[in-house]
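Single-structure report; data block below.
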Number of protein chains: 2
Amino acid sequence: MSERQSSRKDAIRNREAVLAAADALFSRRASPEDITMADVAAAAGVGKGTLFRAFGDRAGLLRALYEARLEPIREAIEAGPPPLGPGTPPQDRVRALLDAVLCFKLDNGPLALALEDSGSDSSPYRADHYERWHGLLRAVLEQIPGLTDSDFTAHALLAATRADLVEHLAGERGIPRERMREQLAGFVAKVLAPGPRPGGTAEE
Amino acid sequence: MSERQSSRKDAIRNREAVLAAADALFSRRASPEDITMADVAAAAGVGKGTLFRAFGDRAGLLRALYEARLEPIREAIEAGPPPLGPGTPPQDRVRALLDAVLCFKLDNGPLALALEDSGSDSSPYRADHYERWHGLLRAVLEQIPGLTDSDFTAHALLAATRADLVEHLAGERGIPRERMREQLAGFVAKVLAPGPRPGGTAEE
DNA sequence: TTGCAAAACGGACCCACGGTCCATATCTTG
DNA sequence: CAAGATATGGACCGTGGGTCCGTTTTGCAA
């Protein structure tokens, strides 16, 4: 899983050095904007050329880092125990999923921010990690009887966990972690709540 | 309200020329990123210095444009007829408010995108137009009995109308305007629906 | 071990863009 | 009309992402 089949070993070594260095830099609390590619290269002890050769561009590096940090959660979702893993009742799983996303953003604030920002040309919605979250969430939502528009609902729920919103609430407004998890859970609950009449009140 | 009390009239004239030119440029379908300050200056027939003197920086220009386009809606909210204006039952008003935001983003895609993106250093959540929307929405939500966490709920609902999401759904996925409005309305309805038990874990 | 081509390196270099500066042109007032 | 105040505009700067290419490393094979 961790090796690219690049033939040469120095390439692999450098790639990992860069990844490690970037990981360290983005963990140190700082505006993601303040970390330049040159910084990363220097921290990794390689030249900029190497860095770009390995990851294509800034977004590529960010993506790689993101995926790496996401790995454990992904595993937990694909084959872990409830409430994250499969075999959980849909409603619980949706809540667990969103809670996991929230916690992830809470823990990886700067990185997530950087990644979502970097989508200046390509919106965050084209990133395939988003596609994965959305696809999974939608699939689970679809199993809940009486719930329509799972596609849009999945988008809307995920939007509530956008990195910059989370960052704003946690950083600027000082809302503590547990409080935010409760609030999100409450929100999700409202959305999932078996309405008095599915589709009833929303008549245009 | 529309004049700055700059003493000199050419300043005012240039300011409006810039505003008009920028408005035109951002209406022409193009990635907001492709429009540089130099472009705007050229289109307005002024020098870059003038442009920066008048608006401070790129974000300032975007903000000014945004506010200008927002003006009608703002009036409709402050003193217009229902369902947008005051004196509307809270639930209806919330729905109308979010529908208005959605329509606005639908109509002003590139500009809204540019503004939200420009928040690389300052998240969109610091912009005071956001504060206004959020404050208003929260206030209205607060009038709905049995609804807790209005602050977070307001954020979460607004998140569902983020410019890049709207853009993605409308552009990439080709979801038609009316469909999206329905979906958002349905989502809002779910959130506002008087839950069977507020705060309870709705489980089997 | 040595030879050699392919692959990777790295940092000088390029360029686009936001933002600044200041000599000059334009107002405004008395 | 003079003179101070104010605005102008485009040359100029710093920064940071991304590229290029001469040099070094690696893998393979003789």
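Predicted model, so just to flag it, every value in this text is computed and none were measured. We name chains A, B, ... by the order of the sequence lines, and we start the count at 1 in each one.
In this entry the distance linking CG of D39(A) with C1' of dT15(D) reads 12 Å, nearest Å. The distance from atom CD of E33(A) to atom P of dG14(D) is 22 Å, rounded to the nearest whole Å. When rounded to the nearest whole Å, the span between CE of M37(A) and P of dG10(C) equals 16 Å. For the pair K9(A) NZ and dT24(D) P, the interatomic distance rounds to 19 Å; values are reported in whole Å. Remark: P of dT26(C) and CG of D10(B) are 10 Å apart, rounded to the nearest angstrom. In this entry the distance linking CZ of R58(A) with C1' of dG17(D) reads 9 Å, nearest Å. The CZ atom of F55(A) sits 16 Å away from the P atom of dT19(D) (whole-angstrom rounding). F52(B) places its CZ atom 17 Å from the P atom of dG14(D), with the value rounded to the nearest Å.
Rounded to 10°, the helix from dT1(C)-dA30(D) to dG30(C)-dC1(D) has 0° between the axis fitted to its first five pairs and the one fitted to its last five.
Note on ring orientation: taking the six-membered ring where Trp is involved, the planes of H155(B) and H134(B) are parallel (angle under 30°, cut-offs 30° and 60°). Taking the six-membered ring where the residue is Trp, H168(B) and Y125(A) present parallel rings, their angle staying beneath 30° rather than reaching 60°. Ring geometry for F187(B) against F152(A) counts as perpendicular: the plane angle is over 60°, on a 0 to 90° scale with 30° as the lower cut.
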Taking it one step at a time, do R63(B) and D128(B) satisfy salt bridge (charged side-chain N to carboxylate O under 4.0 Å, His left out)? CA-CA 9 Å; R63(B) 236 178 293 130; D128(B) 53 344; 5.6 Å; no
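Comparing dG19(C), dA12(C), dT8(D) against the side chain of K48(B) picks out dG19(C) as the nearest. Among the nucleotides dT26(C), dT8(D), dA8(C), the one closest to the side chain of N14(B) is dT8(D).
In terms of phosphate contacts, R8(A) brings no side-chain nitrogen or oxygen within less than 4.0 Å of OP1 or OP2 of dA8(C). R53(A) has a side-chain polar atom (N or O) that falls below the 4.0 Å cut-off from OP1 or OP2 of dA8(C).
Put simply, the side chain of D57(A) gets close to the backbone of G60(A): a donor and an acceptor are under 3.5 Å apart. A side-chain donor-acceptor contact under 3.5 Å links D39(A) to the backbone of T36(A).
Sorted by first and then second residue, the salt bridge (Lys or Arg N to Asp or Glu O under 4.0 Å) pairs with a member in residues 134-159 of chain B read R173(A)-D151(B), R179(A)-D149(B), R138(B)-D151(B); sequence neighbours excluded.
Each of D57(B) and T50(A) has a nearest nucleotide on DNA chain C; the 5'-most of these lies closest to T50(A).
Counting non-hydrogen atoms under 4.0 angstrom, T36(B) reaches the backbone sugars and phosphates but no base.
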